[in-house]
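Both ligands and their constituent atoms are indexed starting at 1 by order of listing.
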Amino acid sequence: MASSYQPLIAPSILSADFARLGDEIARIPAADWIHVDVMDGHFVPNLTIGAPVAKAIGKVTDKPMDCHLMIEDPLRWAGDYADAGAYNVTFHVEATDDPRAVADLLHSKGCKAGISIKPNTPVEPYLDLLEHIDLVLVMSVEPGFGGQSFMPDMLDKVRTLRAEIDRRGLDVVIQIDGGIDARTIGESAAAGCDVFVAGSAVYGAPDPDAMIETLREGALTGRAG
Ligand code: DX5
Ligand code: ZN
């Protein structure tokens with residue numbers, strides 16, 4: 001099992017220079033996915049970018065675009081991100097009464113669908129959704145801002161998910177987002193994460209692309225135990 005583990009590093013452009021997004025993405029050829037944080041100023045107390053900018057980003061990279069929607073009413077808006085060229089669209093379960101409908105909408109557009117849970121949201125009520133989604137994003141900070149400290153208690157949710165996904169033999173990836181750096185990525189990988197979002201760790205590094213490789217090594221080492 002351990003030898004087939006291929007951690008994916010998804011730098012968050014939230015920590016990039018928004019005036020130079022194309023150049024900032026070109027600086028990270030080692031990235032596996034490009035993580036795009038969409039905030040609406042309602043679901044979270046911050047406002048970032050929307051579908052037109054996501055579409056522009058999709059045009060300047062061949063890498064899978066991973067849109068993290070921190071917005072209200074994802075059933076109304078998620079399809080726009082699939083149409084913008086996203087590989088995966090993740091929405092928050094706290095923002096919708098019908099996560100299954102949002103996932104089905106994304107799948108109907110040929111896009112992968114992820115659910116995300118905030119730090120105070122338990123994972124158990126959502127385990128029934130695992131058959132209908134492709135990804136679970138466990139937030140390891142309160143969503144809204146980059147540069148916050150990692151919350152290690154969130155790894156209990158990762159362990160629960162890892163056990164359940166493996167027990168059912170599902171093809172669902174576990175992503176973690178918030179405070180991931182060279183120090184915290186190892187324990188996250190050991191807990192069972194597959195995809196690691198890192199904003200300030202990557203774009204705050206003198207060499208962002210080298211940091212991606214450092215993070216990848218950290219994940220591999222952490223999973224190997
Ligand atoms: C926070 C965003 C994250 C953020 C992570 O709400 O979802 O993707 O960019 O930033 P760091 O890695 O700095 O915690
Ligand atoms: Zn994010």
- Item | Test: Glu131 and Arg168 ion pair at under 4.0 Å | yes
- Message: Would you say NZ of Lys112 has more than 12 non-hydrogen atoms from neighbouring residues, nucleotides or ligands within 6.0 angstrom?
- Response: no
- May I ask you to decide if Ala51's main-chain N or O and Tyr81's side chain share a donor-acceptor pair within less than 3.5 Å? yes
- Message: With a 4.5 Å cut-off on side-chain heavy atoms, are His92 and Pro74 touching?
- Response: no
- Item | Lys63/Asp32 ion pair, N-O < 4.0 Å | no
- Task: Report the hydrophobic cluster partners of Tyr87, with the cluster defined as I, L, V, M, F, W, Y residues connected by side-chain heavy atoms closer than 4.5 angstrom, directly or transitively.
- Result: Leu8, Trp33, Leu135, Leu137, Met139, Val141, Val173, Val195
- Item | All side chain to side chain contact (heavy atoms under 4.5 Å, CB included) counterparts of Ala101, not counting sequence neighbours | Leu75, Asp98
- Item | N/O donor-acceptor pair under 3.5 Å between Asn46 side chain and Gly144 backbone | yes
- Task: Sort by chain and number the protein N/O/S atoms found under 2.8 Å from the Zn ion (ligand 2).
- Result: His35 NE2, Asp37 OD1, His68 ND1, Asp177 OD2
Hey, what polar pairs (N/O, under 3.5 Å) does ligand 1 make with protein?
from	atom 1	to	atom 2	distance (Å)
ligand 1	6 (O)	Gly144	N	2.8
ligand 1	7 (O)	Asp37	OD1	3.0
ligand 1	7 (O)	His68	ND1	3.2
ligand 1	7 (O)	Asp177	OD2	2.9
ligand 1	8 (O)	His35	NE2	3.4
ligand 1	8 (O)	Asp37	OD1	3.1
ligand 1	8 (O)	Asp37	OD2	2.8
ligand 1	8 (O)	Asp177	OD1	2.8
ligand 1	8 (O)	Asp177	OD2	2.9
ligand 1	9 (O)	Ser12	OG	2.9
ligand 1	9 (O)	Asp37	OD2	3.1
ligand 1	12 (O)	Gly199	N	2.7
ligand 1	13 (O)	Gly147	N	2.8
ligand 1	13 (O)	Ser200	N	3.0
ligand 1	13 (O)	Ser200	OG	2.6
ligand 1	14 (O)	Gly179	N	2.8

- When you check the side-chain N and O atoms of His132 and Asp104, is any donor under 3.5 Å from an acceptor? no
